[in-house]
Structure formats: structure tokens, C-alpha cells
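So that the names make sense, note that chain A is the first sequence line, chain B the second, and so on, each numbered from 1.
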Protein chains: 2
Amino acid sequence: HARVVVGVTHDRNVAKVVVVDVPDRPGVAHQLFNALAQEEINVDMIVQTTKAQQATDLLFTVTRDDLPRAKQIVEAVARDLGATAVQEDPSVAKVSIVGAGMMSHPGVAARMFGALAEGGINIHVISTSEIKISCLIDEDRVEEAVRRVHQAFRLDQLDSEEAPA
Amino acid sequence: HARVVVGVTHDRNVAKVVVVDVPDRPGVAHQLFNALAQEEINVDMIVQTTKAQQATDLLFTVTRDDLPRAKQIVEAVARDLGATAVQEDPSVAKVSIVGAGMMSHPGVAARMFGALAEGGINIHVISTSEIKISCLIDEDRVEEAVRRVHQAFRLDQLDSEEAPA
Ligand SMILES: C[C@@H](O)[C@H](N)C(=O)O
Ligand SMILES: C[C@@H](O)[C@H](N)C(=O)O
């Protein structure tokens, strides 16, 4: 059978920005990310959850070089929106598993999270798709994280009869 | 030049679950999603943000049929973790733009958010990757959302010299 998870990737050049307590109403996401796009800032991840309340947080990532400029841009929008704060964390890294149909296989995400948990590696951000499950962790744990996730999915083993071409 | 955004997809068979105020420490994500996997519940999206504090929320989606069972499973884990609550919303739908290299093009996400904003359509959840940008919205707005996003990216226009095969 074809492998569901085919590899582990990581990216150290990641900085996290959180705009805290933005009004949860139409137009807010557009206003924020349009401001960044106008300045040609490349945003990698955009992550937002909501629970039943008036405000929510908007999280995104940029490269470390772009962090000062991104923060300046969103602080202006945040003031306009009445957001509480803009937080930044330049010392995160992204570790991801890549594959196919991953979310159609119960347990794949849990296995990745378990590999990180075994190392006592805290997961700050999670974002998933069928072909990529990404976690932001502390950057000083990224090598260990890649190794543990690699092992958890047996990606270090040769299995010519199992792996697709 | 090749199109960056090639289509708009949607999924009505989506229910949102939020585990509110879980301890932000290693092992929590694994415990929750392992419990769901053990019961063979298919989880589609997993979304988590964090700001500087002790707890965070874990959001995921399942099919509407799986919602009662998923809720029951996570409520047990939530009690064990000391989480505040488990919220559910069966009346959401997912609308996504699909393409290639989307996050490498500043403005793509902003344009999608803008299309929804123009309709006064509130965005509850955002999750992105290079090939898919997904938003959860109210399910009664999904047809309009698809139409607006389609128009915003001119996907209704024939452009044989512009589109790749
Ligand atoms: C928070 C933000 O996503 C808002 N709900 C919007 O629709 O723009
Ligand atoms: C909240 C959850 O993701 C936790 N930080 C963990 O690592 O499991």
C-alpha cells in the first residue's frame, strides 16, 4: 500500500505574529492582510480559530527578516481595529509532515503530535491539510522534532516494496 | 503566466468543535486526537493558535454525522485535561481556494478575505497552505461565498492564453 506520509520538512526562518482580540466581524481579516500585501510582505501561514465570543485572535507567520516591518504594519491596523495587542515570537520553527490523504487516515496527526510529546516538545500552532500537517514549535527543538517525527513514521527505513516510486 | 488560483471548492458537511482552555503543554494535542483516532473518527481540519498565556483552544472539524460521537469523546478528554468547555457548531461550511504557490503571492489570501467581506460574510476559521486557503463560514452563506470568491479571482472568465492546460 502506498505510504500516507512521505516526508518530514522543517523551516527555521519563521516568525509568529498574533493580533490579539480583533473584532470578529466581516472585513477584519481583509483589512489586516491587505495592509501586509500592499507592502509586499510574504505571509506563510494564516491561522485563526474562533470560540463563541465577540473577539478572536489572528495569527500569521513571516520570515524573520520581515518581522519588524510586518509588526509595524499590523500594529497600525490593530490600533484602528481596537485590538488589544500585537505579539511576536521570532524563535519558532515549523515542522511538517507531508504526504497524501493524511487527514483521511485517523491517527496520522495524532502520531505526529505524539512524537513531539514524547520529546516534551510543546506545540504552539497547528494547521492541517490533506497533504501537509504543520506544527510551530520552539526553534531550539526543531532538529530533535524532525528526528522524532521521522522515526515515528518509519521514514528512516528502506522499504522498496512498500514505498511508491 | 500560470494562474495562481485555479478553483474554488466548498464543503457543507462540516461541523466545528472547539475544546476551550486546554493546558498549553506537551502531550495535550496527542491525547485529544489519539482519543478520536482510536474511535476511527475522521478529523478534517485541526487548527490551533497560541498567544502568550497558559492555556489555548484546540479546534477541529468532523462530518456532521460524526459530531455527536466526536463531542462525546473529546468531552471525556476535556474533563481529564481540566479544559473549560467543549463548543460545537454544526452550521458551518468550508470554502477554499485551491492553486499553487498561493502563499508566495502576497494579496491572494487578502483577495479571498475581501470577497467574503464584501458580502458581509464572517470568517470563523482560517487555515492556509501553498495549495489551499480554507475559511469556515456560516453554512447559509456558502453558495454566495463561492460565487463571490469565484468572481474575485475571475474564475468565471475564459482566458485560453492565460490559463495553463
Ligand atoms: C477575525 C476575522 O477573520 C473576521 N471574522 C473577518 O471575517 O474578517
Ligand atoms: C495545546 C497543545 O497543542 C499542546 N501545546 C501540545 O503540545 O500538545
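Both the backbone and the side chain of A/Lys51 have a heavy atom closer than 4.5 Å to some heavy atom of chain B. Using a 4.5 Å cut-off between heavy atoms, B/Glu130 contacts chain A through its side chain alone, with no backbone atom that close. With a 4.5 angstrom heavy-atom cutoff, A/Ile46 touches chain B via backbone and side-chain atoms both.
Using a 4.5 Å cut-off between side-chain heavy atoms of Ile, Leu, Val, Met, Phe, Trp and Tyr, with links allowed through other members, B/Leu81 and B/Ile41 fall into the same hydrophobic cluster. Residue B/Val108 is grouped with residue B/Leu155 when hydrophobic side chains (ILVMFWY) are merged at heavy-atom distances under 4.5 angstrom, including chains of intermediate members. Residues A/Met112 and B/Leu36 are members of one and the same hydrophobic cluster, defined by side-chain heavy-atom contacts under 4.5 angstrom among Ile, Leu, Val, Met, Phe, Trp and Tyr. Under the 4.5 Å side-chain heavy-atom criterion for grouping Ile, Leu, Val, Met, Phe, Trp and Tyr, A/Val77 is not connected to A/Val47 through any hydrophobic cluster.
Comparing B/Ala117, B/Ser134, B/Ala115 by heavy-atom pairs within less than 4.5 Å of chain A, the highest count is held by B/Ala117. For the options B/Val125, B/Asn122, B/Ile137, heavy-atom pairs under 4.5 Å to chain A are most numerous at B/Asn122. Counting heavy-atom pairs under 4.5 Å between each of B/Ala109, B/Gly119, B/Ser129, B/Gly114 and chain A puts B/Gly114 at the top. Of the residues considered (A/Val43, A/Leu136, A/Thr128), A/Thr128 shows the highest number of contacts with chain B, using heavy-atom pairs under 4.5 Å. Most heavy-atom pairs under 4.5 Å with chain B: of the set A/Pro106, A/Ala37, A/Gly107, this distinction falls to A/Pro106.
Pairing each heavy atom of A/Ile123 with each of A/Phe113, the nearest pair is CD1-CD2, 3.8 Å. When all heavy atoms of B/His105 and A/Asn42 are compared, the pair lying nearest together is N-OD1, 4.0 Å.
Distance check: A/Arg154 CZ to A/Arg3 CZ gives 9.0 Å after rounding to the nearest 0.5 Å. The OG atom of A/Ser104 sits 8.0 Å away from atom CG of B/Asp44, with the distance rounded to the nearest 0.5 Å. Rounding to the nearest 0.5 Å places CG of B/Asp140 at 9.5 Å from CZ of B/Arg12. Atoms CE and CD1, on A/Met45 and A/Ile126 in that order, are 9.5 Å from each other to the nearest 0.5 Å.
Residues of residues 15-35 of chain B having a heavy atom under 4.5 Å from any heavy atom of chain A, listed by number: B/Lys16, B/Val18, B/Val20, B/Asp21, B/Asp24, B/Arg25, B/Pro26, B/Gly27, B/Ala29, B/His30, B/Phe33, B/Asn34. Applying a 4.5 Å heavy-atom cutoff, the residues of residues 85-103 of chain A that approach chain B are A/Gln87, A/Met103. Inspection of non-hydrogen atoms places A/Asp57, A/Leu58, A/Leu59 of residues 55-74 of chain A under 4.5 Å from chain B.
Counting only heavy atoms from C-beta outward, the side chains of A/Val4 and A/Phe153 never approach each other to under 4.5 Å. Between A/Glu139 and A/His10 the shortest side-chain heavy-atom distance does not fall below 4.5 Å.
Between the side chain of A/Arg111 and the backbone N or O of A/Ala152 there is at least one donor-acceptor pair closer than 3.5 Å.
Members clustered with A/Ile131: B/Ile131, by chain and number, using a 4.5 Å side-chain heavy-atom cutoff among hydrophobic residues.
Within a 6.0 Å sphere centred on CD of A/Gln151, heavy atoms belonging to other residues, nucleotides or ligands number more than 12. Counting non-hydrogen atoms of other residues, nucleotides and ligands closer than 6.0 Å to CD of B/Gln53 gives a total above 12.
B/Thr49 and A/Gln48 share no side-chain donor-acceptor pair at under 3.5 Å.
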